[in-house]
Amino acid sequence: MREWMAGMSLSGKWISVAIAVACSHAPCLGLQVEVESTEPASGDVPRFGKWEIAFDVSGTWENPYDPEEIDVTAEFTSASGKVAVVPGFFYQGFQNRYEGDDSKRPILDEVGAPCWKARFSPVEVGPYSCVVRARAPKAGSGAVAESGRLTFRCVESGAPGFIRVCQRNKRYFEFDDQRPFFSVGQNLQNDWPVYRHSRLLAEGGANCVRAWTFCHYTWLEWTPASGVKWAKPGDWILSYGGAGKYNQRIAWIADRCLEQWGRDGIRVMLCLGNGTGGGELSKGGGYGSWDGHPYNVANGGFLDDPKKFWTDASARKLYKQRLRYIAARYGYSANIWAWEFWNELGEATPEIAAWHREMTEYLRGVDPNGHLMTSSTWQWVPGRFAAVWDLDGMGFTQSHIYAPLPAMVGRIGAHLAAWAKPHIVGEGGGPATDAVGGEDAHKDAATDPDGIDFHNSLWAPVMLGAGGTTLPWWWRQRIEPRNLFPQYRAIANFVRDVPWATRAFHPFRADSIQLLEQKGRARYSPVLVVPLGGGWGQRAGRARFEVGPDGSVSGIDEFGAELFGGGRQAWRNPPTLEVNFPQAGQFIVHVADASHGILEIRVDGTVSLRETSLNVPKRAVNRSFSVDVAAGRHEIQLDNAGPDFIRVGHVMLTNYRDASHYPDLEIFGVRADDMALLWAHDRLNEWAFKAAGLSAEKPVGPATVRIGGLKDGRYRVAWWDTYQGVVTREEDAECGGGFLELRLPAIGTDVACKIARKKAE
């Protein structure tokens with residue numbers, strides 16, 4: 001007898017699959033495993049490659065995704081006796097009607113009957129054996145069927161393996177074979193059904209993407225769509241089955257993308273969910289938010305509030321079930337860099353922290369290859385997500401930084417100071433262009449047309465101690481239209497041969513810079529102040545800040561970006577900046593967004609500006625407001641006379657820093673005892689300055705700088721063009737008494753260099 005009533009929907013129809021009934025251990029349950037095929041047919045599998053088996057399982061159940069109804073596993077044993085158990089998964093094959101045409105949305109037609117599969121990546125060279133088992137837990141633990149023993153051989157491949165945290169320097173990543181992995185890439189949000197852009201990335205020198213693979217309209221599990229008249233039959237949007245049922249079209253496209261990315265050499269951080277900021281746990285955002293979530297009681301689910309997602313037993317059980325399926329289907333892949341549970345959650349409440357602890361422990365148990373795990377938050381104060389970052393299961397920390405360079409300096413430094421883990425700037429790449437943001441942001445080519453902030457976002461994290469470049473956003477609007485791909489090649493060339501895994505690199509900032517010439521340089525330069533403290537729902541820790549003559553700000557990590565109004569009285573703490581202008585200048589406030597706010601700038605207690613145009617419903621603003629300030633000491637207060645909030649992107653003070661004493665040059669780097677990497681950057685090479693008409697007109701330098709912390713000896717110094725990714729000049733330098741002195745060329749934007757101790761001749 002072959003019968004199985006499958007409670008699932010494919011192509012919008014209910015199907016039943018007939019499968020034989022027989023089981024030596026429990027004949028009344030009718031379980032049987034029948035192997036159909038293995039791939040590759042030769043029986044030889046490259047180390048860290050994919051061995052796949054397709055098979056049928058006989059029995060009766062309603063949901064093939066629920067391991068409490070049908071639990072299928074494959075047990076692999078190596079020649080050394082090591083055993084790995086991976087879950088099996090239900091599978092339906094498809095064919096893309098528009099295969100090869102990336103301009104069209106995939107339309108998928110079913111190919112063949114549904115079946116079960118198991119995938120495995122062997123890590124030891126030599127023979128392996130495999131046994132597939134099926135169990136019906138609800139019918140009793142003794143009901144087990146198993147296949148005959150299958151064998152294959154793992155052969156050496158030269159592949160580096162899976163990505164791990166480096167054991168010798170836990171700030172960085174390495175592969176299983178201890179080759180370093182230094183991430184250079186970007187984000188892909190639901191562009192992943194389109195392969196063209198990832199090919200351009202690979203051709204441009206990138207080695208990774210952060211992909212929103214299973215969220216934001218490409219969920220694996222979601223409520224069936226209704227009234228979608230534009231969708232053709234075979235579109236994935238029509239294939240949702242509700243809570244606990246997985247969209248096989250999405251799953252198949254993810255298979256294809258992983259294969260494509262693997263061929264292109266692109267490692268992937270798979271983002272599994274979009275958080276509270278308009279995502280699937282946010283109310284009132286339509287089908288893509290909690291309104292469309294399958295756990296919502298309004299959609300036949302069981303939760304009346306998205307906050308209960310973190311604590312409800314049924315919700316946690318279903319999420320683990322989903323993780324099990326993802327690990328079963330994709331966990332074989334060494335091409336997966338990391339699993340990212342959530343994009344941009346808010347503060348890590350005890351409930352959210354406990355949820356992450358439970359899920360990291362569970363995923364570790366069903367993923368035999370131990371992929372790294374992470375999550376992310378929109379909170380820019382690291383401590384507000386500390387309860388998650390503290391977890392052992394969190395392989396690395398993340399920040400999302402769209403603000404100028406001072407924000408990267410502060411936020412990356414704060415993460416590295418708090419956690420002995422790698423840090424990645426998971427989003428960034430410069431500001432949006434219009435007042436709306438979203439998908440149409442950056443269509444205005446007048447905003448940062450040269451990609452200044454994009455460029456800085458690649459180089460700065462490298463020299464601040466992060467485990468990779470920023471992974472920029474804006475691929476549709478900025479990166480591809482302006483062909484910024486060659487900049488990935490430049491930074492990739494620079495980092496390629498750096499021994500990240502074997503050197504104890506530590507970040508540093510050079511402070512002994514001496515300009516050799518001052519011709520053509522303005523005496524007083526503008527300074528940029530980026531708030532690093534506060535945050536939503538929190539009163540800033542202090543209200544007074546002194547801006548030093550070099551532009552530094554005391555207590556900047558407590559300078560809150562939000563100016564809360566009278567309707568949020570408990571959060572109010574308007575900041576006052578103590579300044580000393582050496583000559584008359586301007587005080588400029590750039591507002592990122594606002595909701596029913598009235599900006600007031602008070603100079604020495606007198607309101608010099610009152611801006612009421614911000615007294616509107618919440619929206620992006622991206623506008624600057626300025627007041628003139630006379631030379632001398634002043635107290636300048638920022639306040640919000642409205643009821644809600646104003647978010648400050650940055651503050652700028654013109655004619656402030658004495659460039660002869662505090663040069664328009666800053667040098668960041670990382671060093672070990674016999675090697676250093678430097679990035680010398682013109683402070684005025686920021687889009688914020690150029691947008692204000694204050695960017696540098698002439699190169700800064702030449703200059704000299706002293707680098708400490710190196711062993712005495714002879715060093716080779718290679719100077720790099722940061723846009724072309726080539727060495728422009730090489731020279732020798734002597735380190736004596738613990739210091740090495742370098743002469744920097746005149747710098748128009750930035751320059752990088754590698755310093756390595758020469759072997760004794």
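Atom set for the values below is all heavy atoms of this structure, side chains included, hydrogens, waters and symmetry mates excluded.
Pairs of residues two or more places apart, or lying in two chains, never qualify as salt bridge (Lys or Arg N to Asp or Glu O under 4.0 Å) while including a residue from residues 744-753. Sorted by first then second residue, the salt bridge (Lys or Arg N to Asp or Glu O under 4.0 Å) pairs that include residues 410-421, not counting sequence neighbours, number zero.
Checked against ring-ring contact (aromatic ring centres under 6.0 Å, His included), Trp687 has no partners two or more places apart in sequence or in another chain. Partners of Arg683 by side-chain hydrogen bond (donor to acceptor under 3.5 Å, both in side chains), not counting sequence neighbours: none found. For the ring-ring contact (aromatic ring centres under 6.0 Å, His included) test, residues two or more places apart in sequence or in another chain that qualify with Tyr402 are Trp474. Taking the ring-ring contact (aromatic ring centres under 6.0 Å, His included) definition, one finds that Tyr723 meets it with His455, sequence neighbours left out. In this structure Ala692 satisfies the side chain to side chain contact (heavy atoms under 4.5 Å, CB included) test together with Met652, Leu694, sequence neighbours excluded. Annotation: side-chain hydrogen bond (donor to acceptor under 3.5 Å, both in side chains) contacts of Thr654 (sequence neighbours excluded): none. Under the side chain to side chain contact (heavy atoms under 4.5 Å, CB included) criterion, Val381 pairs with Arg384, sequence neighbours left out. Partners of Ala202 by side chain to side chain contact (heavy atoms under 4.5 Å, CB included), not counting sequence neighbours, listed by chain and number: Asp264, Ile266. Judged as a side chain to side chain contact (heavy atoms under 4.5 Å, CB included), and not counting sequence neighbours, the contacts of Arg542 are Phe545, Ser554, Glu558.
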Q: Could you give me the CA-CA distance, side-chain angles and deciding distance for Ser525 and Asp664, then say whether side-chain hydrogen bond (donor to acceptor under 3.5 Å, both in side chains) is met?
A: CA-CA 8 Å; Ser525 293; Asp664 290 343; 2.9 Å; yes

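Ring geometry for His650 against His590 counts as parallel: the plane angle stays under 30°, on a 0 to 90° scale with 60° as the upper cut.
Rounded to the nearest 0.5 angstrom, Tyr488 OH and Glu203 CD are separated by 14.0 Å.
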Output side-chain donor-acceptor pairs under 3.5 Å for residues 575-589, partner residues at least two apart or in another chain, one line each.
from	atom 1	to	atom 2	distance (Å)
Glu578	OE2	Arg544	NE	3.0
Glu578	OE2	Arg544	NH2	3.0
Gln586	NE2	Asp628	OD1	3.3

